[in-house]
Amino acid sequence: MLTNPAVNGSTIDINKSIDSQIHKAKPQDFQPISILGKGSFGEVYLVEKDLMEYYAMKVLQKEKILGNNYIKYALTERNVLSYTQHPFIV
């Protein structure tokens with residue numbers, strides 16, 4: 001919380017206003033265009049978000065990950081990508 005003395009000592013919750021502006025991407029926000037490739041436990045698709053914003057979306061098949069015990073590999077990939085700061089990685 002921050003207090004702004006210029007506004008009669010009122011408080012502003014900065015975290016709340018920032019969180020309300022952030023939109024977390026969901027699979028429903030994207031339209032598939034074509035398949036780019038297939039791997040051992042998933043496929044990568046070219047997808048479009050809004051107009052002319054293209055991304056690659058990896059879709060993992062839960063049955064293949066659990067059946068072949070690839071959980072460790074899938075989680076490692078997710079963790080690495082979540083720490084990566086790049087405009088092409090959402």
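When reading the values below, keep in mind they use all heavy atoms of this one structure, side chains included, and skip hydrogens, waters and symmetry mates. All values derive from a computational prediction rather than experimental measurement. Residues take their numbers from the sequence shown, with the count starting at 1.
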Under a 4.5 Å cut-off applied to non-hydrogen side-chain atoms, are [X] and [Y] in contact?
X: Leu66; Y: Ile71; result: yes
X: Tyr45; Y: Ile33; result: no
X: Phe30; Y: Met57; result: yes
X: Leu60; Y: Lys62; result: no
X: Lys49; Y: Gln31; result: no

Side chain of [X], backbone of [Y]: donor and acceptor closer than 3.5 Å?
X: Glu48; Y: Met52; value: yes
X: Asp29; Y: Ala25; value: no
X: Asn68; Y: Ile65; value: no

If you group Ile, Leu, Val, Met, Phe, Trp and Tyr by side-chain heavy-atom gaps below 4.5 Å, do Val44 and Leu81 land in one group?
no
Indicate, with yes or no, if Val59 and Val47 share a hydrophobic cluster defined by side-chain heavy-atom contacts under 4.5 Å among Ile, Leu, Val, Met, Phe, Trp and Tyr.
yes
Smallest heavy-atom separation, Tyr54 atom then Leu46 atom, equals CB-CD1, 4.0 Å
